[in-house]
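Here is the naming used below: chain letters follow the sequence lines, and residue numbers restart at 1 for every chain. Computed from a predicted structure; not experimentally measured.
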2 protein chains.
Amino acid sequence: MPRPRIATIRDVAALAGVAVGTASKALNGQGSLRAETITRVRQAAEQLGFVANAAARSLQTRRTYTVGMITTDTIGRFSIPMLIGVEDALGAGRISVLLCDARDDPIRERHHLEVLLSRRVDGVIVTGRRAGTRPPIDAGPGVPVVYAFLASADPADCSVVPDEAGGAQAVLDHLATLGRRRIVHVTGPAHHHSARVRASVFPDTLYGAWSESWGRQAAAILLARGPDFDAVACGNDQIARGVTDALREAGRRIPHDVAVTGFDNWDVIAEASRPPLTSVDMDLAGLGRTAADLLLQAIAGNPATGTHTHPAHLVIRDSTVATSA
Amino acid sequence: MPRPRIATIRDVAALAGVAVGTASKALNGQGSLRAETITRVRQAAEQLGFVANAAARSLQTRRTYTVGMITTDTIGRFSIPMLIGVEDALGAGRISVLLCDARDDPIRERHHLEVLLSRRVDGVIVTGRRAGTRPPIDAGPGVPVVYAFLASADPADCSVVPDEAGGAQAVLDHLATLGRRRIVHVTGPAHHHSARVRASVFPDTLYGAWSESWGRQAAAILLARGPDFDAVACGNDQIARGVTDALREAGRRIPHDVAVTGFDNWDVIAEASRPPLTSVDMDLAGLGRTAADLLLQAIAGNPATGTHTHPAHLVIRDSTVATSA
DNA sequence: CTCCTCAAGGAAAACGGTTTCCTTGACGCT
DNA sequence: AGCGTCAAGGAAACCGTTTTCCTTGAGGAG
């Protein structure tokens, strides 16, 4: 097969009977051309199925309309909503996303970064979990970076993080409004940054693991400790689900006897619980969108600095407020 | 600030005192050069922090070392492991992934495809869920496409799909080996392709939804129908969890009285169940790796055709075989 | 009838690499 | 001494666009 070589702008120009420069102008609406010429060129392009070579274009324009997204820990449940938000915000500007998974390996991260730089991405979004901050990456001059979810250790960098403390406070306020006074917080490992931040607003905290079985265990501990609690605010939805299961099976009515709340608003867990869980939604998609918007701003020459906090909100379900049904 | 222009190969050549062509050869190990010259050039590159411009390079070599990944339905739980597998297989070949989320919208899909073509990607991986097959995408000549998870409607295209029927059969065999004879299958909506395929090996099926609450409902139905069942094979892990919860609460011992199995091996659900669920693992990461490998083959000039089936395997936990503990 | 202006479009220089082809010496052989 | 061979590296073409600058001819003003 002669492999029908992919059409270039030269082919288009030849077919339309103009010079390549003219064809380029016609396709991009630059310069001053007769309307008839423009349509002639456009038709020729259409006919040949011409699609401009992005590499050639970006060589000239020094813009790639590409951003890199590096997830430092493995890409997982939290990255997805953010990714969707990022895609959403960037897609509108016809910008594509190069996804890199560094898997918590600095070597891999360095490698990915180098690839991104060689591709001359217009910007980089760095995301990840675990610790409270992370060492900034060195993208060199002229390549803006926005950190999402996990802030850069350099406060001058631009970061967007969820308002975890605010979310926890919203839980506390909600429970207080419901008249709950004896509130216990059950959360993940004490060395985990999110656990500590979320716990900071609660007077009484049990640290453990991020799992349902720890939730069940914690409930047992609480029951053994005595019946003097009327609300359990949990560090994530899995713990909350474990707590509700164990309390329910011990005869406690939720929310009548004890109100329970989760964190993350992970629908699969929160909605399947009995009763469904009131939970904090960190709006990760919105956070991703915000990060992408800030990156676009920076690319356009208006870099933002500092750590921005993205609001979380409470989603109220039956585990704190029984529906009249 | 004078913005220290990013170094080009010309700068490197000048610093090393050679011609640009020579610099290129030194950096890529082409042509015949003295060892001393090569190190001199490499040092110059190092010193300037030179990173070759990928756009310029691909213009010449007609390779972009980029593949596009289009998820037709929104990128979700199933895409992630595949994405990781793909990244894994491609990363070894220093190939980057452009991620596109078409959100089940043909217009969006067409748009993304056009972007990918303009970027002259070396190949495309298409993934998605829902139906059994999907209309092939038109990537034009010379751009290989591999369909992952969801096969192309054109049997001549290259697709990789999980062996759902095989997984279901493995469940059936496992239960049979354990001596279970009265097996009921509880699964998702009948119009869902995966539900029907997985159900195909079972004699007795209840269709419903992919949720825990349907699982609980189904268990109630079974209990009402009579006690003549000794195993419930479920269409996914959520249903299985609902079933185990309801059966346990009704006093049935699992696995002693009734064995229960899930499907998908979604750790968060399967391991948190009481008891933990025996489940079918479709090895999505492996599937993604296979798809990527096939794509690499195709890019190298050895395209594979037809629909390939990727084996699933059973992960056995306490919901069918109680541990001696 | 000149001269100027201006719209329309062509020619060519970038952009930053890779690759082909050519030149130059040095060397070995007769 | 003359010739061919070969290693080393330079010069320039090329990849496919965009953009700048230049040319041309037509129309309007004086």
Exercise: identify the closest heavy-atom pair between Asp157(A) and Pro136(A): OD2-CB, 3.3 Å
Rounded distance in Å - CD1 (Ile9(A)) to P (dC15(D)): 15 Å
Short side-chain N/O contact from [X] to OP1 or OP2 of [N], under 4.0 Å:
X: Thr61(A); N: dT18(D); result: no
X: Asn28(A); N: dT18(D); result: yes
X: Thr22(B); N: dG9(D); result: no

Sugar-phosphate only, base, or nothing, as touched by Thr8(A) at under 4.0 Å among non-hydrogen atoms: sugar-phosphate
Touch class at under 4.0 angstrom, heavy-atom based, for Thr37(B) against every strand present: sugar-phosphate
Considering only side-chain heavy atoms of [X], which listed nucleotide, [options], is closest?
X: Ser32(A); options: dT18(D), dC21(C), dA8(C); result: dA8(C)
X: Ala19(A); options: dG9(D), dG17(C), dG10(C); result: dG10(C)
X: Arg10(A); options: dG10(C), dG16(C), dG16(D); result: dG16(D)
X: Lys25(B); options: dC21(C), dG16(C), dT17(D); result: dC21(C)
X: Arg62(B); options: dT18(C), dG17(C), dG16(D); result: dG16(D)
X: Arg120(B); options: dG9(D), dT18(C), dT17(D); result: dT17(D)

Any N/O donor-acceptor pair, Arg34(A) side-chain to dG9(C) base, under 3.5 Å: no
Within-4.5 Å side-chain heavy-atom neighbours: Thr290(A) and His308(A): no
5′-ward residue of the pair Gly17(A)/Gln60(B) relative to DNA chain C: Gly17(A)
